[in-house]
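Report on the following structure.
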Amino acid sequence: MSLDNYLYLSAILFTIGAVGVVVRRNAIVVFMCIELMLNAANLSLVTFSRINGTLDGQVVAFFTMVVAACEVVVGLAIIVTIYRSRRSASIDDASLLKR
Amino acid sequence: MEPLLTIQTPETVLFWFLAPLSVLASLGMLLVKKAVHSALLLAWVMVTLAIFYIAQGALFLGIVQVVVYTGAVMMLFLFILMLVGVDSSDSLTETITGLRPIAITAAVGFGGLMVSLLGRATLGREPVGLDAANGPGNVQGLAALLFSKYVWPFEVISALLITAAVGAMVLAHHQRTTPRPTQREQSVNRFRSDSLAGAAGLPGPGVFARHNAVDVPALLPDGTPAPSSISATLKARGDVIDSAQFQLDNVDTSVVEEK
């Protein structure tokens, strides 16, 4: 087996996450799909770290995890705030700027 | 020349066993209706990725993946799911016409491009492997990098983490601008509303003596179910049982007016 297989898996997971962001309507599920995309990117970082024989890729993946945690905290707070005022977690309902 | 890195058979078996499972789980994430099921499938994908990290010599990241992602982040997701509850946005119906075929076409194009790109790209050298870099230990190696070469990004990211925590507190903090209505005011408002139907409180759920669970709407005197007697969340989830099956057979439901 070649290490490329990990990169293929990462690309596939990233694509699936991107489809989820576009297709699903529940804001929380959209968020989970973004998490999937971040995780897929992390997998390729770890794989490249192994290909290059240095730990730099793992350090960057570690930073990505921290950024993802920040993003989840703020994003879920926004979802809760929107839900509190509009009683809906659907991303199609929050379209005030359009009208 | 002997290659620098040979991948052992157990890792190959592990990959071909777990990779299809993780792809299936992430596809299932898109296809299942309930957000809670999506969350559980995502947790599984994250556990698989943690196993891949450990198999690839990233022991620390694998453990952090389990602790931070499947532990903290997914718990936060489930917690927010519990707060927000279930609503119509869970449905898989397409609201923007033609969105789904376009999205799938774009995804196939993007994924195909990525995969074919990866297939054609060459690094120009053999994979090195992490045996040398992990020599004194994976955690020690990472720490040496974090506190020397990457110390500035590390500090910046800690500032980001604190900002995010403060931001979440500011966003989630809720201050009442009007005083909370007292029970007396609520009662007065019920009687002053247009209809007196809810003046004495909403009807409770259940059919007396036959089935008194909260998911069975009460029956009105004319035999029709009372929609106001059950929670809107149960209705949105589709968990309401038809109360007609609990009706007594020998009860005359036609309203007889006595003169």
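Ranked by heavy-atom pairs under 4.5 Å with chain A, the first of S158(B), A165(B), G119(B) is G119(B). The residue among S2(A), G53(A), A61(A), A68(A) with the most heavy atom pairs within less than 4.5 Å of chain B is G53(A). Considering only heavy-atom pairs separated by less than 4.5 Å from chain B, the leading option among D4(A), N52(A), T54(A) is N52(A). Your options are L27(B), L83(B), V64(B), and the one with the most heavy-atom pairs under 4.5 Å with chain A is L27(B). Between chain B and the residues V60(A), T81(A), V73(A), V59(A), the most heavy-atom pairs under 4.5 angstrom are made by V59(A). Counting heavy-atom pairs under 4.5 Å between each of I79(A), V72(A), V74(A), L43(A) and chain B puts L43(A) at the top. Between chain A and the residues G129(B), A121(B), G167(B), the largest count of heavy-atom pairs under 4.5 Å involves G129(B). No other option in V108(B), L76(B), V68(B) has as many heavy-atom pairs under 4.5 Å with chain A as L76(B).
If you measure heavy-atom distances from L145(B) to chain A, the contacts under 4.5 Å come from the side chain alone. Of the two parts of V45(B), only the side chain, counted from C-beta on, holds a non-hydrogen atom closer than 4.5 Å to a non-hydrogen atom of chain A. Only the side chain of L42(B) comes within contact range of chain A, with at least one heavy atom under 4.5 Å from a heavy atom of that chain. Looking at A132(B), there are no atoms closer than 4.5 Å to chain A (heavy atoms on both sides), in backbone or side chain. The parts of P153(B) that come within reach of chain A are both its backbone and its side chain, each placing non-hydrogen atoms under 4.5 angstrom from that chain. For A11(A), the parts sitting under 4.5 Å from any heavy atom of chain B are the backbone and the side chain alike. Contact of L7(A) with chain B is made through backbone and side chain together, with heavy-atom distances under 4.5 Å. For T47(A), the parts lying under 4.5 angstrom from a heavy atom of chain B are both the backbone and the side chain. Contacts between F79(B) and chain A at a heavy-atom distance below 4.5 Å are absent for every atom of the residue. Contact annotation for L9(A): only side-chain heavy atoms (C-beta onward) come within less than 4.5 Å of a heavy atom of chain B. Heavy atoms closer than 4.5 Å to chain A are found nowhere in T163(B), neither backbone nor side chain. For chain B, the nearby parts of Y6(A) are the backbone and the side chain; heavy atoms of each come within less than 4.5 Å. With a 4.5 Å cut-off on non-hydrogen atoms, M74(B) touches chain A through its side chain but not through its backbone. Of the atoms belonging to A39(B), heavy atoms from both backbone and side chain fall under 4.5 Å from chain A.
Looking only at side-chain heavy atoms (C-beta outward), Q58(A) and N138(B) come within less than 4.5 Å of each other. Residues M29(B) and R24(A) are not in side-chain contact: their nearest non-hydrogen atoms beyond the backbone lie 4.5 Å or more apart. Counting heavy atoms from C-beta on, the side chains of V66(A) and L160(B) never come closer than 4.5 Å. Contact annotation: the side chain of I102(B) never approaches that of V22(A) to less than 4.5 Å [non-hydrogen atoms, C-beta and beyond]. Annotation: side chain of M65(A) is in contact with side chain of L61(B) (closest heavy-atom distance under 4.5 Å). Using a 4.5 Å heavy-atom threshold, the side chains of Q56(B) and S49(A) count as separate.
For the 3.5 Å distance criterion, the side chains of Q65(B) and N42(A) fail to qualify, holding no donor opposite an acceptor.
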side-chain contact (heavy atoms from CB on, under 4.5 Å) between I16(A) and L30(B), intermediate numbers included: CA-CA 8 Å; I16(A) 292 172; L30(B) 303 189; 3.9 Å; yes
N5(A) vs W16(B), side-chain contact (heavy atoms from CB on, under 4.5 Å): CA-CA, chis, key distance, verdict: CA-CA 9 Å; N5(A) 289 343; W16(B) 288 117; 3.3 Å; yes
Walk me through it: do D56(A) and Y150(B) pass the test side-chain contact (heavy atoms from CB on, under 4.5 Å)? CA-CA 9 Å; D56(A) 295 57; Y150(B) 291 98; 2.8 Å; yes
Stepwise, does the side-chain contact (heavy atoms from CB on, under 4.5 Å) test hold for I51(A) with V128(B)? CA-CA 5 Å; I51(A) 292 174; V128(B) 180; over 6 Å; no
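Of all non-hydrogen atoms in A35(B) and M32(A), the two that sit nearest each other are O-CE, 3.6 Å. Minimum heavy-atom separation, V19(A) to A107(B): CG2-CB, 3.0 Å. Nearest heavy-atom pair, S26(B) versus L13(A), reported as atom, atom and distance to 0.1 Å: OG-CD2, 3.3 Å. Between Y83(A) and V84(B), the shortest heavy-atom contact is OH-O, 2.9 Å. Here the closest heavy-atom approach between residue A77(A) and residue L171(B) is recorded as CB-CB, 3.8 Å. Across every non-hydrogen atom of P127(B) and L3(A), the tightest pair is CB-CD1, 3.9 Å.
Residue L38(A) holds its CG atom at 5.5 Å from OH of Y69(B), rounded to the nearest 0.5 Å. For the atom pair L41(B) CG and L36(A) CG, the distance stands at 11.0 Å (nearest 0.5 Å). Distance check: F62(A) CZ to L142(B) CG gives 8.0 Å after rounding to the nearest 0.5 Å. Taken to the nearest 0.5 Å, the OH atom of Y8(A) stands 9.0 Å off from the OG atom of S116(B). To the nearest 0.5 Å, atoms CG (N26(A)) and NZ (K34(B)) are separated by 13.0 Å. A distance of 8.0 Å separates CZ of F77(B) from CD1 of I28(A), quoted to the nearest 0.5 Å.
Here Y53(B) pairs with nothing under the ring-ring contact (aromatic ring centres under 6.0 Å, His included) rule; sequence neighbours left out.
Salt bridge R50(A)/E11(B): present, at least one basic N to carboxylate O contact under 4.0 Å.
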